[in-house]
Amino acid sequence: MALFNVTINGYINLPPDVLGTSTVTVIYEQTYVFALEDFTVNTVPVYNDPEGDALESIKILSLPFTGIDLLLGELYIDGVLAVVGDIVTAASLINGDLYYVGGIIEIVGNSDISFAFDASDVGSNTFGGIE
């Protein structure tokens with residue numbers, strides 16, 4: 001009699017390894033509704049996960065202020081002001097629950113603001129810590 005040995009390697013679902021930057025333009029007093037694609041295929045470089053898993057959620061790491069802390073608008077999640085640490089699911093992004101309301105301050109020229117986020121994929125439910 002002979003045996004056939006099978007070695008089973010453990011599987012670890014890794015978090016996303018590439019998160020890119022996305023850019024949109026908002027006119028003051030207007031609202032921009034973020035879509036799932038704003039955090040995946042519309043980024044440079046595009047979202048990537050080692051196992052090919054889809055984005056599960058994002059975590060807000062910073063809020064959109066200018067360099068001089070002049071608030072030019074606010075970030076909302078389903079009607080509530082966003083705070084650092086808030087998690088927005090892919091389903092909420094698809095539903096249009098994350099949006100930016102441009103400030104009422106009319107500025108001359110353009111002003112750039114941003115917010116930082118991290119992402120978790122389906123399966124690992126772990127944020128990658130990419131900044």
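Quick note: residue numbers are just sequence positions, from 1. In this text, all values refer to a predicted model and were calculated from it rather than measured experimentally.
- Taking the six-membered ring where tryptophan is involved, the planes of Phe115 and Phe39 are tilted, since the angle between them lies from 30° to 60°.
- Heavy-atom minimum distance, Asp49 versus Leu14: OD1-O, 3.1 Å.
- Aromatic ring centroids of Tyr32 and Tyr100 lie 6.0 Å or more apart.
- Residues Glu74 and Leu81 share a closest heavy-atom pair of CB-CD2, 3.6 Å.
- With contacts defined as side-chain heavy-atom distances shorter than 4.5 Å, the pair Phe34/Ser22 does not qualify.
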What do the steps show when you test Phe127 against Ser57 for side chain to side chain contact (heavy atoms under 4.5 Å, CB included), and what is the final call?
CA-CA 9 Å; Phe127 291 94; Ser57 59; 3.6 Å; yes
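- Nearest heavy-atom pair, Glu51 versus Ile12, reported as atom, atom and distance to 0.1 Å: OE2-O, 3.7 Å.
- Contact between Ala116 and Ser62 at its shortest, heavy atoms only, is N-OG, 2.9 Å.
- Note on residues 79-90: pairs passing side chain to side chain donor-acceptor pair (under 3.5 Å), not counting sequence neighbours, are Thr89-Ser92.
- By the criterion of side-chain heavy atoms lying less than 4.5 angstrom apart, applied directly or through intervening Ile, Leu, Val, Met, Phe, Trp or Tyr residues, Val33 is not grouped with Leu75; the two fall into different hydrophobic clusters.
- Side-chain contact between Ile58 and Leu98 is present, with at least one heavy-atom pair separated by less than 4.5 Å.
- Leu61 and Val80 are not part of a single hydrophobic cluster, where members link through side-chain heavy atoms under 4.5 Å apart.
- For Asn95 (side chain) and Asp97 (main-chain N/O), no donor-acceptor pair under 3.5 Å exists by modelled atom type.
- Distance alone, capped at 3.5 Å, places no donor-acceptor pair between the Thr43 side chain and the Thr21 backbone.
- Leu19 and Val24 end up in the same hydrophobic cluster when Ile, Leu, Val, Met, Phe, Trp and Tyr side chains are linked at under 4.5 Å.
- Not counting sequence neighbours, Tyr47 has no partner by the ring-ring contact (aromatic ring centres under 6.0 Å, His included) test.
- Across every non-hydrogen atom of Leu55 and Ala119, the tightest pair is CD1-CB, 3.5 Å.
- Linking ILVMFWY residues whenever their side-chain heavy atoms come closer than 4.5 Å, directly or via other members, places Phe4 and Ile8 in the same cluster.
- In terms of hydrophobic clustering, with Ile, Leu, Val, Met, Phe, Trp and Tyr side chains grouped at heavy-atom distances under 4.5 Å, Val26 and Ile60 are assigned to a common cluster.
- The minimum heavy-atom distance between Pro16 and Pro50, with the atom names listed, is CA-CD, 4.3 Å.
- Contact check for Thr40 versus Val46: no side-chain heavy atoms found under the 4.5 Å cut-off.
- Looking only at distances, a side-chain donor or acceptor of Thr126 sits under 3.5 Å from a matching main-chain atom of Ser124.
- Put simply, the side chain of Lys59 does not reach to within 4.5 Å of the side chain of Val84, judged on heavy atoms.
- Residues Val88 and Leu93 are in side-chain contact: their nearest non-hydrogen atoms beyond the backbone lie under 4.5 Å apart.
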